[in-house]
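What follows is one structure encoded as structure tokens, with my remarks underneath.
We name chains A, B, ... by the order of the sequence lines, and we start the count at 1 in each one.
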Amino acid sequence: MDILEGLNPAQREAAETIEGPLLILAGPGSGKTRVITHRIAYLVKVVGVNPRRIMAVTFTNKAAREMRDRLQVLLAGSVEHLSLGTFHAICAGILRRDGQAMGLNPKYAIYDDEDQLNLIKRSLQDLGIDPKRYPPKTFQNAISSAKSQLITPEEYAQRSRSYFDEVVRRTYEQYQVLLAQSQALDFDDLLMKAYQLFANHPDVLSKYQSRYLHLLIDEFQDTNITQYALARQIAEKNRNICVVGDPDQSIYSWRNADLRNILNFEHDYPEAKVVYLEQNYRSTKTILEAAHEVVSVNKDRKENALWTDNEEGTPLRVVETFSESEEAQFVVSEVASLLDQGEAKPIDCAVMYRTNAQSRALEEAFVRYGMPYQVIGSVRFYSRREIKDVIAYLKLIYNPWDSVSLARIINVPPRGIGQKTIDELQQWTKGLGLPLYTGLQRLAEDKSCSPLSARSTQALIGFFTMIEELTRKSQEVNVVELLDAVLQSSDYKEYTLELPDGDDRWENILELRGIASEYKDLKLPEGLTLFLEGVSLFSDTDELDEKKDVATLITLHQAKGLEYPVVFIVGMEEGVLPHIRSFDDPAQMEEERRLCYVGMTRAKKRLYLVRALRRSLMGGTNANPASRFLKNIPSHLVQSTGLFGEEPKAAPAPKPDGPDLSAGDHVEHPKFGKGVVVSCTPTRDDQEVVVVFDGVGIKKLLLSLAQLKRVE
DNA sequence: GCCTCTGGATTTTTT
DNA sequence: ATCCAGAGGC
């Protein structure tokens with residue numbers, strides 16, 4: 001039996017090269033996943049490597065789960081011992097097991113963005129920084145970016161160049177103090193602390209280095225500096241590190257992914273072998289060529305020789321509609337007609353868009369038509385308020401130091417503990433140098449030491465007693481029973497049902513309960529540990545159901561790694577795709593182009609590129625010109641459809657004085673000089689024009705007032 | 001302390 | 001258009 005049977009020569013080489021560093025450059029649809037799974041199977045079955053000595057890192061949990069499923073088939077068991085997961089999940093495990101060497105509580109909490117932002121706000125408060133002048137989000141980004149490059153607060157201080165840098169440094173420092181007090185790590189910490197653990201504790205590092213004979217990293221183009229450093233640490237001893245990626249599909253620089261990782265790889269591992277997977281098995285020649293034309297405009301890029309044996313296929317369809325609702329209507333009616341002709345089933349169709357907000361119009365049309373669909377991740381399950389509240393209870397029971405969870409639920413449902421009480425409590429515990437929870441404990445032991453009114457004190461003690469009781473219970477019941485106890489003693493059910501959309505919210509909680517029941521056979525606290533870890537690291541693509549016969553609505557980012565016979569990319573407009581925020585940065589513009597490329601290469605048979613002449617945004621309406629990416633697709637690959645739908649009957653707005661402008665036009669203004677029109681938005685009886693003036697910047701002008709002249 | 005109202009800001013993508 | 005924070009009334 002040959003485990004590598006059916007692989008093409010390049011794929012085979014990639015799977016068989018197991019000694020030393022290996023870089024696999026894998027274009028879209030080139031059978032990358034197949035290569036990875038077969039490589040692991042080859043290592044285990046042919047070379048005889050024990051699965052526990054292999055670590056495979058994926059980009060999402062879903063990818064990890066799929067790979068495990070596939071390996072289960074190839075290997076028939078013994079897959080459990082394989083270390084397989086995202087960097088975050090793998091690091092979470094390492095820190096849970098060995099973090100004590102660096103003084104980390106194994107029951108550390110994991111903070112997501114929202115928790116993180118809450119704690120940053122508190123840091124700003126502690127430092128007396130005005131969140132109006134300095135938006136907390138800015139700090140969140142700065143801190144995350146620092147951690148993704150292994151920059152500690154001390155190092156940040158050394159690099160600090162401006163006053164603003166200094167403010168960031170102080171916030172970063174204080175934020176870390178609060179995290180430590182809460183015995184919590186944020187997402188970036190999971191990676192950075194694991195790195196530091198290895199860097200400062202050679203014994204721990206050596207344990208992992210000896211264990212992992214083979215390290216494999218997928219989606220390498222989307223790793224950040226810290227992840228790369230971690231990989232280097234783990235692979236240092238055996239140097240069997242295999243990375244798989246495609247620079248053209250790098251779309252996560254905003255999450256601090258760094259393309260230098262791929263470029264540095266051959267530098268850091270000069271003995272590395274490089275394998276190119278260039279045969280595409282997914283798309284038609286037409287789709288592949290069009291996608292290539294779009295991405296090859298990028299300057300910062302290495303040319304590749306992606307090709308396919310597949311048929312020419314049908315031409316791309318480029319479709320214009322009047323409005324976003326007609327855009328949605330077109331999509332649904334086209335799906336319906338493909339269904340009628342027996343060309344496709346709903347499950348074969350995906351609609352992709354740049355921003356989640358765009359899913360709404362689509363969803364309406366699908367509902368109206370009665371076309372079955374699923375939306376991926378528009379409102380993330382785990383960021384729903386009710387879910388976060390219930391989880392906060394569990395997190396607090398698990399780790400009473402977790403101040404963010406404590407603050408979240410101390411008065412939810414309302415139990416007479418207002419902001420003032422919380423502030424005073426905080427003041428008091430701070431003075432005593434105690435964590436909040438210990439402060440509550442002290443109150444409960446001796447009411448008379450309370451600095452607060454009897455009423456507030458009683459409310460606090462009531463809350464504390466409830467949590468204590470639940471904590472006691474958590475020793476003897478499973479996760480579901482604990483969750484039920486939380487709902488019971490907090491009256492959360494009654495509270496939720498009172499809220500707007502109460503029934504839906506309650507449904508969500510029941511769904512969470514269902515997820516918890518998957519952990520009910522595990523002993524506590526381990527069951528709770530794993531449940532909370534799973535919940536914290538869960539991602540949205542995880543909820544994608546690939547078996548239900550429904551169409552999929554999904555962002556371009558989330559679509560990475562997926563494929564569909566029929567793909568619609570909507571919002572092919574300047575300002576949407578490419579997104580307006582990328583206009584002033586060529587590197588970001590290149591990323592938008594790659595994003596478009598990723599979307600196009602998801603399609604196997606049919607690809608539709610759709611745009612709306614008018615799109616409502618933030619209340620107003622925008623008229624966006626066609627996406628520049630459309631212009632890069634050779635016309636012989638395209639069948640253009642004229643306008644879809646009827647022109648809206650509404651009387652056209654009276655034309656204001658001034659030239660007839662559209663985005664891209666060059667204009668001149670008496671005061672601001674020359675510039676380029678970014679967008680035109682009709683208002684009630686005028687037009688708002690956004691112009692980028694040379695050397696002046698972006699200005700919003702009213703067409704009737706601004707004396708704009710059109711120039712060539 | 002809690003609820004409601006208003007004004008202001010805000011929209012990219014997510015482990 | 002929608003969400004959020006802060007203010008003010010009960």
Side-chain angles (χ1 to χ4, degrees), chain A residues 57-64 85-92 110-114 116-117 121 131-132 135-137 140-141 144 147-148 185-191 219 222-224 226-227 250-257 324 352-361 376-380 382-383 385 411-424 452-453 455-456 459 498-500 533-542 554-560 571 575-583 585 588 591-592 594-596 598-599 615-622:
Chain A
V57 185
T58 59
F59 188 68
T60 62
N61 297 302
K62 175 167 164 278
T86 61
F87 268 111
H88 292 88
I90 288 175
C91 288
I110 298 175
Y111 281 176
D112 68 11
D113 293 13
E114 195 188 338
Q116 193 181 18
L117 199 60
K121 283 180 191 162
K132 288 229 176 80
K137 275 237 189 310
Q140 193 176 26
N141 289 333
S144 175
K147 289 181 178 179
S148 302
L185 303 180
D186 63 24
F187 280 151
D188 302 306
D189 279 341
L190 289 174
L191 309 172
E219 305 286 9
D222 289 324
T223 53
N224 65 33
T226 302
Q227 291 168 330
S250 152
I251 53 174
Y252 282 93
S253 70
W254 51 273
R255 224 177 73 187
N256 304 305
E324 56 186 334
M352 303 180 185
Y353 36 82
R354 177 66 235 265
T355 64
N356 275 310
Q358 291 169 258
S359 67
R360 228 178 64 195
I376 305 305
S378 52
V379 191
R380 299 190 216 335
Y382 285 106
S383 55
R385 196 170 88 191
N411 198 34
V412 177
R415 50 174 75 89
I417 306 174
Q419 197 51 52
K420 201 157 159 250
T421 307
I422 296 173
D423 286 346
E424 279 167 22
L452 296 143
S453 71
R455 192 168 147 182
S456 303
E498 295 285 304
L499 256 38
E533 201 167 286
V535 157
S536 304
L537 300 176
F538 184 92
S539 67
D540 284 315
T541 19
D542 292 1
I554 192 168
T555 65
L556 287 162
H557 280 90
Q558 292 188 115
K560 190 178 72 163
V576 180
L577 181 66
H579 195 271
I580 190 160
R581 298 264 280 255
S582 67
F583 281 10
D585 179 351
Q588 274 194 54
E591 184 148 314
E592 296 289 307
R594 291 193 293 270
L595 192 54
C596 186
V598 166
R615 183 174 298 276
S616 50
L617 201 79
M618 268 193 263
T621 310
N622 263 24

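- With centres under 5.5 Å and a plane angle under 30°, the ring of A:W254 is stacked against the base of B:dT13.
- Residues A:Q140 and A:Q116 bring a donor and an acceptor atom of their side chains to less than 3.5 Å of each other.
- Just one residue in the list A:N224, A:N256, A:D186 forms a side chain to side chain donor-acceptor pair (under 3.5 Å) with A:K147, and that residue is A:D186.
- On the C1' atoms, C:dC4 is 22 Å away from B:dT13, given to the nearest whole Å.
- Looking at heavy-atom distances under 4.0 Å, A:F59 makes contact with sugar-phosphate atoms alone, never a base.
- A tilted orientation is assigned to the rings of A:F59 and A:Y252, their planes being inclined by 30° to 60°.
- Of the side-chain N and O atoms in A:Q558, one or more sit less than 4.0 angstrom from OP1 or OP2 of B:dT14.
- The side chain of A:N411 places an N or O atom within less than 4.0 Å of a non-bridging phosphate oxygen (OP1 or OP2) of B:dC2.
- Residues A:K420 and A:E592 each lie close to DNA chain B; by heavy-atom proximity, the contact nearer the 5' end of the strand is made by A:K420.
- Summary of the strand contacts: A:H579 and A:T86 both lie near DNA chain B, and taking for each the nucleotide with the nearest heavy atom, the more 5' one is attributed to A:H579.
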Salt bridge (charged side-chain N to carboxylate O under 4.0 Å, His left out) between A:K560 and A:E219, worked out: CA-CA 10 Å; A:K560 190 178 72 163; A:E219 305 286 9; 3.5 Å; yes
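- Between A:T421 and B:dG1 there is a side-chain N or O to OP1 or OP2 distance below 4.0 Å.
- Nucleic acid contact class of A:I251 (heavy atoms, under 4.0 Å, all strands): none.
- Under 4.0 angstrom from either OP1 or OP2 of B:dG1 there lies no side-chain N or O belonging to A:S456.
- One finds a side-chain N or O of A:N356 lying less than 4.0 angstrom from the OP1 or OP2 phosphate oxygen of B:dT14.
- When side chains are defined from C-beta on, A:Q558 counts as touching A:T555, because their heavy atoms get closer than 4.5 Å.
- Within the nucleic acid shown, A:D112 has no heavy atom closer than 4.0 Å to any nucleic acid atom.
- Using a 4.0 Å heavy-atom criterion, one finds that A:R360 contacts the sugar-phosphate atoms exclusively.
- When the side-chain nitrogen and oxygen atoms of A:K121 are compared with OP1 and OP2 of C:dA5, one or more of them lie within a distance under 4.0 Å.
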